[in-house]
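Notes to accompany the following structure.
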Amino acid sequence: MTKSAPGIPGSLSIRHLPGLRGVPKSDLEAILDTAQSFREALDSGAAVPKTLTGVSVVNLFFENSTRTRLSFETAQKRLGASPMNFTASGSSAAKGESLRDTVRNIESMGAEVFVVRHSSAGVPAFLASQTGSVVVNAGDGACEHPTQGLLDALTMRQHLGSLEGKQVTIVGDIRHSRVARSNLWALSTLGANVRLWGPATLLPRHSEAFGPKVQVAKSLNQALEEADAVMLLRIQHERQSSGLLPSLREYRHSFGLDGDRLRLAKPGALVLHPGPINRGVEIVSEIADGPQSVILEQVTNGVAVRMAVLHLLAGRNTNV
Ligand code: CP
């Protein structure tokens, strides 16, 4: 893998990261290359440029998170920032203050970067249009989770090399998954072919909108055949009560990944999951914790990817 230096702050064509749809391949590759160089530095204990020193960063989380929130905070601290953390439940948002007022007030305290998670699709894009600050999406409703898509691509690239022509299968609740959406935009831009499978009620209605490299499979077996990587999505329990999902037992029977099913993919195919896992539902523990699983590598790469995004979008040029 590369031993390159991180990319130069401000060198991307984008100013915010509301999603991966439409992000040029050159920007995706620049982020992944920079993330790879940060990952190598973190692994070896080498110094990284403190390009967020003096930059005021705010993590705005209106929805729960473990991996994304903590890895953004870790990334910010590694780059020299002292982030502020906002959670909706302890704030005046709980008294009814609007999102726009919340952000404009925090911006008046000097905030320059907002990392935003919200249950409503479109919030990061809206805030990017309302503030002069850099806005990075940490997951918005069923729309996008761009840093998750990037960390998944980085993890696949580390094992598979170039993603051009690689076959990636995504199984689960595709329709409501921001992870699936960000993945399919990034993977198709990077040249991979994506196959989708899940309950008919949870597949996208208009998959042709995702372009020719994204296809809905005809069966689970066909989805898994010759796959280089298999990504399972978390089944959201609330779908059960909305009638969109059979029972969890039935889901496991029809869609869960076990050893027999994984053998349909290429030998050594990667197994990915964004977390949190419902063990025994979308994936059995032997596979989640087995030799083909890269689930914890995804989490480690999350720090490097978030460092790369923040460094490139909001970093200040500095010496190491
Ligand atoms: N993958 C992911 O977004 O996990 P969290 O909800 O814990 O951040």
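Counting starts at 1 for both ligands and their atoms, in listed order.
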Contact table, ligand 1 N/O with protein N/O, distance under 3.5 Å:
| unit_1 | atom_1 | unit_2 | atom_2 | d |
| --- | --- | --- | --- | --- |
| ligand 1 | 1 (N) | Gln148 | OE1 | 3.1 |
| ligand 1 | 1 (N) | Pro274 | O | 2.8 |
| ligand 1 | 3 (O) | Thr68 | OG1 | 3.0 |
| ligand 1 | 3 (O) | Arg117 | NH2 | 3.0 |
| ligand 1 | 3 (O) | His145 | NE2 | 2.9 |
| ligand 1 | 4 (O) | Arg67 | NE | 3.0 |
| ligand 1 | 6 (O) | Arg117 | NH1 | 2.9 |
| ligand 1 | 7 (O) | Thr66 | N | 2.8 |
| ligand 1 | 7 (O) | Arg67 | N | 3.0 |
| ligand 1 | 7 (O) | Arg67 | NE | 3.2 |
| ligand 1 | 7 (O) | Arg67 | NH2 | 3.0 |
| ligand 1 | 8 (O) | Ser65 | OG | 2.6 |
| ligand 1 | 8 (O) | Thr68 | N | 2.9 |
| ligand 1 | 8 (O) | Thr68 | OG1 | 2.6 |
| ligand 1 | 8 (O) | Arg117 | NH2 | 3.4 |

Just list the side-chain donor-acceptor pairs under 3.5 Å for residues 8-23, sequence neighbours left out, or say none.
| unit_1 | atom_1 | unit_2 | atom_2 | d |
| --- | --- | --- | --- | --- |
| Ser11 | OG | Ile8 | O | 2.5 |
| Ser13 | OG | Asp27 | OD2 | 2.5 |
| Arg15 | NH2 | Gly132 | O | 2.9 |
| His16 | ND1 | Val135 | N | 3.0 |

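To the nearest 0.5 angstrom, Trp197 atom CH2 is 11.0 Å from Leu224 atom CG.
More than 12 heavy-atom neighbours from other residues, nucleotides or ligands sit within 6.0 angstrom of CZ on Arg279.
Take Arg100 and apply the side-chain hydrogen bond (donor to acceptor under 3.5 Å, both in side chains) test, not counting sequence neighbours, and it matches Gln130. Residues passing the side-chain hydrogen bond (donor to acceptor under 3.5 Å, both in side chains) test with Glu250 are Ser254, sequence neighbours excluded.
A side-chain donor-acceptor contact under 3.5 Å links His273 and Glu282.
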